[in-house]
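Computed from a prediction, not measured in an experiment: that's the story for all the values here.
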Amino acid sequence: MRYDLVIFDNDGVLVDSEPISNRLLAAHLTELGHPTSYEDSIRDYMGSAMHRVHDLVEERTGRRLPADFDDVFHARVFAAFERELKPVVGATDVLEKLTADGVPYCVASSGSHERIRVGHRTTGLDRWFDDERIFSSQDVGRGKPAPDLFLHAAERMGVAPERCVVVEDSPLGVRAAVAAGMDVYGYTAMTPAAKLAGATQLFDDMRELNSLLHTGN
């Protein structure tokens, strides 16, 4: 393998959470008088930290979201995760191969530490990620598309940015990885390939990732 560290996004890459969370986010915003479709939520918020939701709503409407917005939203999301959440098909195969080959990996997500851990615990992915492999936008000042989170993860894992590859499924995440000076493999299962055009490589089936990482094609 030509990389010394594989950095995974979490939502939509390791856990199949984007349909759940964007459905609930659109519904919650609509309830509060900010009409939002599922497609709007995917377009505007997929891959971003919660502060982006607050910032965009205030920028567009001049109104701030309620102080308890995040708490209410996360409570609904976590309850839905317990009922519905599954790992992305092929994700465990990738993690097994990396572990067997001794290749370092970690997760760097716009989601909170609690969200990451709830998702991993629900899907059984927690066996692959101890605390030293989990990084959240909570750990840095700026979330994606700023490069801060990926640079923080690389520094903590002791690997130079140019020796890292990021696995991402959102335009914001691809932009962040490119800004960090890292290669990025864009997962197009939910995102049109054209929106991830800045990626080093595009693929649409997580089961392809092992061969892509080991061949560098």
Side-chain angles (χ1 to χ4, degrees), residues 7-85 88 107-120 122 134-153 166-180 184 186-187 189-192 195-196 198:
I7 303 175
F8 292 96
D9 176 43
N10 190 56
D11 293 293
V13 170
L14 294 174
V15 296
D16 195 15
S17 54
E18 293 291 9
I20 300 170
S21 58
N22 282 284
R23 183 186 77 228
L24 293 173
L25 179 57
H28 192 26
L29 288 170
T30 300
E31 284 175 20
L32 294 172
H34 304 286
T36 305
S37 69
Y38 173 78
E39 292 76 17
D40 292 337
S41 183
I42 291 286
R43 181 194 66 224
D44 293 340
Y45 305 121
M46 181 172 159
S48 66
M50 288 301 293
H51 67 75
R52 179 179 170 85
V53 181
H54 290 263
D55 292 346
L56 278 182
V57 168
E58 185 170 9
E59 178 184 312
R60 290 170 173 174
T61 69
R63 295 161 51 201
R64 301 190 67 173
L65 291 170
D68 66 349
F69 179 86
D70 290 11
D71 290 340
V72 172
F73 172 64
H74 284 131
R76 294 179 182 182
V77 167
F78 295 163
F81 279 3
E82 296 287 349
R83 297 190 303 270
E84 305 174 43
L85 190 63
V88 167
V107 60
S109 172
S110 293
S112 66
H113 277 282
E114 183 182 14
R115 178 181 172 126
I116 298 167
R117 285 166 171 79
V118 168
H120 286 188
T122 303
I134 298 176
F135 304 99
S136 161
S137 61
Q138 289 179 311
D139 302 330
V140 295
R142 299 181 300 167
K144 305 169 189 178
D148 304 36
L149 176 57
F150 290 140
L151 292 172
H152 171 69
V166 175
V167 184
E168 262 288 355
D169 71 331
S170 75
L172 293 175
V174 168
R175 286 168 55 195
V178 171
V184 53
Y187 181 46
M190 277 194 63
T191 307
K195 293 191 175 183
L196 303 181

Under 4.5 Å between any side-chain heavy atoms of [X] and [Y], yes or no?
{"X": "Arg63", "Y": "Val57", "value": "no"}
{"X": "Tyr45", "Y": "Met50", "value": "no"}
{"X": "Asp70", "Y": "Leu65", "value": "no"}
{"X": "Ser109", "Y": "Asp11", "value": "yes"}
{"X": "Ile20", "Y": "Leu85", "value": "yes"}
{"X": "Arg52", "Y": "Leu56", "value": "yes"}
{"X": "Val88", "Y": "Tyr187", "value": "yes"}
{"X": "Ser137", "Y": "His51", "value": "no"}

Exercise. Parallel, tilted or perpendicular: which fits the ring planes of His28 and Phe69, with parallel below 30° and perpendicular above 60°?
Worked result: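 It falls in the parallel class, under 30°.
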
Exercise. Passes side-chain contact (heavy atoms from CB on, under 4.5 Å), Ile7 versus Glu168? Steps please.
Worked result: CA-CA 9 Å; Ile7 303 175; Glu168 262 288 355; over 6 Å; no

Can you tell me how far [atom2] of [Y] sits from [atom1] of [X], rounded to the nearest 0.5 angstrom?
{"X": "Ser112", "Y": "Arg117", "atom1": "OG", "atom2": "CZ", "value": "9.5 Å"}
{"X": "Arg115", "Y": "Ser17", "atom1": "CZ", "atom2": "OG", "value": "5.0 Å"}
{"X": "Glu58", "Y": "His34", "atom1": "CD", "atom2": "NE2", "value": "10.0 Å"}
{"X": "Arg83", "Y": "Thr122", "atom1": "CZ", "atom2": "OG1", "value": "11.5 Å"}
{"X": "His74", "Y": "Asp68", "atom1": "NE2", "atom2": "CG", "value": "12.5 Å"}
{"X": "Arg76", "Y": "Asp71", "atom1": "CZ", "atom2": "CG", "value": "12.0 Å"}

Problem set entry | N-O pairing of Asp40 and Arg43 below 4.0 Å |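 A salt bridge is present here (some side-chain N lies under 4.0 Å from a carboxylate O).
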
Closest non-hydrogen atom pair between [X] and [Y], with its separation:
{"X": "Thr191", "Y": "Asp169", "value": "OG1-O, 2.6 Å"}
{"X": "Lys144", "Y": "Gly173", "value": "CD-CA, 3.9 Å"}
{"X": "Asp148", "Y": "Val140", "value": "O-CG1, 3.9 Å"}
{"X": "Ala49", "Y": "Ser110", "value": "N-CB, 3.6 Å"}
{"X": "Ala180", "Y": "Phe150", "value": "CB-CB, 4.2 Å"}
{"X": "Arg23", "Y": "Tyr38", "value": "N-CD1, 3.6 Å"}

For this session: Determine yes or no for a side-chain-to-main-chain donor-acceptor pair under 3.5 angstrom, with Ser136 supplying the side chain and Gly111 the backbone.
Result: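 Looks like yes, one N/O pair under 3.5 Å.
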
Problem set entry | Flag, side chain of Glu18 to backbone of Met46, donor-acceptor distance under 3.5 Å |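 No, the answer is negative, given that no donor and acceptor are paired below the 3.5 Å cut-off.
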
Exercise. Leu29 pairs by side chain to side chain contact (heavy atoms under 4.5 Å, CB included) with which of Leu24, Thr36, Asp44?
Worked result: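 Checked Leu24, Thr36, Asp44 against Leu29; only one passes side chain to side chain contact (heavy atoms under 4.5 Å, CB included): Thr36.
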
For this session: Could you go through the side-chain contact (heavy atoms from CB on, under 4.5 Å) check for His120 and Ile116 one step at a time?
Result: CA-CA 6 Å; His120 286 188; Ile116 298 167; 3.7 Å; yes

Problem set entry | Residues Val166, Asp9; criterion side-chain contact (heavy atoms from CB on, under 4.5 Å); working and verdict | CA-CA 7 Å; Val166 175; Asp9 176 43; 5.8 Å; no

